Novice: 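Can you read through this structure? Questions will come right after.
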Amino acid sequence: MVRATPEVRTGDPAWVVETVAADFEAASRRAFAHRQGFTVAIPGGSVATVCFARLARLAIDWGRVEFFWVDERAVPPDSPDSNYAVARSLWLERAEVPVARIHRMRGEAQPLDRAAREYSDELVRVAGAPPRLDYVLLGVGPDGHVASLFPGRNETAEGRWVLAVEDAPKPPPRRLTLSLPALTHARRVVVVATGEEKSAAVRAALADGSSSLPVARVARDARSCMFVLDRPAARLL
Ligand code: 6PG
């Protein structure tokens, strides 16, 4: 199928948050109009701390939103490093999301590879085979990683929906992540980048058609993709 060029929107930090919130709400309305529920995958990192409290205030029927994660660190769910813990306190508890709608990655499980397979099964159960999430929200690292898909790793290889990562360059090194095909198969992918340290990765994604960085592969392969940037992150465009 023909992939659309990513839409790029740039504004000040408060506008970034409002733009993500409005887009998320619009996508939930589209999903509810056509399907039973709204399946989303969410990140950790700065996107969580910057956007989640605002997303929690949206007037959405949270009982119909299925929450997955794009990645998780191999830590217990009550660790301050857990992406689930951050989402729980900033979003899920505040919006009173029913526990049955929360599909957390079991980062504390051993072996991680089995947790990846089990998460893949759960994703397929809720989002179909191959899984098609309605909405994937992503941050991007200064090195161009998204979720826990890091540059130059074979984790970006096709064929599996969820992967265990044993040696991530960003601490902690052990992680679970959705694969590139699981991300790009989504109905909508929104990449949020703020801060000048993200500007080179953003440029590679949007202005370098040959970049192999994970963020660039998402920008190229996603069916509907939007980049929401503050001005420092957009500086090199
Ligand atoms: C994590 C996140 C990760 C994050 C990027 C960017 O576990 O760290 O889920 O995928 O989105 O690493 O992080 P920052 O936005 O904090 O730079």
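Counting starts at 1 for both ligands and their atoms, following the listed order. None of these values were measured; they are calculated from a predicted model. In this chain, numbering begins with 1 at the start of the sequence shown.
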Novice: Looking at F32, is R64 sitting on its ring face, NZ or CZ under 6.0 Å from the six-membered ring centre and within 45 degrees of the normal?
Specialist: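 Relative to the ring axis of F32, which defines the angle, R64 lies inside both limits.
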Novice: I need the nearest protein heavy-atom contact for atom 4 (C) of ligand 1: residue, atom name and distance, please.
Specialist: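 Checked against all protein heavy atoms, atom 4 (C) of ligand 1 sits closest to K170 NZ, 4.0 Å.
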Novice: For G44, counting its heavy atoms only, list the atoms of ligand 1 lying under 4.0 Å from any of them.
Specialist: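 Every atom of ligand 1 under 4.0 Å from some heavy atom of G44: 2 (C), 9 (O), 11 (O).
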Novice: Is the F68 ring parallel, tilted or perpendicular to the H103 ring (thresholds 30°, 60°)?
Specialist: parallel
Novice: Do the side-chain N and O atoms of S179 and R160 include a donor-acceptor pair separated by under 3.5 angstrom?
Specialist: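 Distance-only check fails for S179 and R160.
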Novice: Quick test: of every protein heavy atom, which one is nearest to atom 17 (O) of ligand 1, and how far off is it to 0.1 Å?
Specialist: K198 NZ, 2.9 Å
Novice: Measure the distance from atom 12 (O) of ligand 1 to every protein heavy atom, then report the residue, atom name and distance (to 0.1 Å) of the closest one.
Specialist: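 Closest protein heavy atom to atom 12 (O) of ligand 1: H145 NE2, 2.4 Å.
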Novice: What part of S46, side chain from CB on, backbone N/CA/C/O, both or neither, has a heavy atom under 4.0 Å from ligand 1?
Specialist: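 For S46, the contact with ligand 1 is made by both the backbone and the side chain.
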Novice: Centre-to-centre under 6.0 Å for F67 and W91, is that the case here?
Specialist: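 When the ring centroids of F67 and W91 are compared, they turn out to be within the sub-6.0 Å range.
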Novice: Do me a favour and list the nearest non-hydrogen protein atom to atom 10 (O) of ligand 1 with residue, atom name and distance?
Specialist: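 The closest heavy atom on the protein side is A147 O, 2.8 Å.
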Novice: Give the residue, atom name and distance (to 0.1 Å) of the protein heavy atom nearest atom 8 (O) of ligand 1.
Specialist: R73 NH2, 2.7 Å
Novice: Using the side-chain hydrogen bond (donor to acceptor under 3.5 Å, both in side chains) definition, which of the options R188, R187, E7 pairs with S224?
Specialist: R188
Novice: Where the side chain of T184 meets the backbone of A222, is there a donor-acceptor pair that is under 3.5 Å apart?
Specialist: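 Absent.
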Novice: Could you tell me whether V140 approaches ligand 1 through its side chain, its backbone, both or neither, with non-hydrogen atoms closer than 4.0 Å?
Specialist: backbone
Novice: Show the atoms of ligand 1 that are less than 4.0 angstrom away from any heavy atom in D71.
Specialist: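 In order of number, 1 (C), 2 (C), 3 (C), 7 (O), 9 (O), 10 (O).
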Novice: Determine, stepwise, if the pair D71 / S148 fulfils side-chain hydrogen bond (donor to acceptor under 3.5 Å, both in side chains).
Specialist: CA-CA 6 Å; D71 69 342; S148 290; 2.7 Å; yes
Novice: In this structure, does ligand 1 have an atom that sits under 4.0 Å from one of the heavy atoms of E197?
Specialist: no
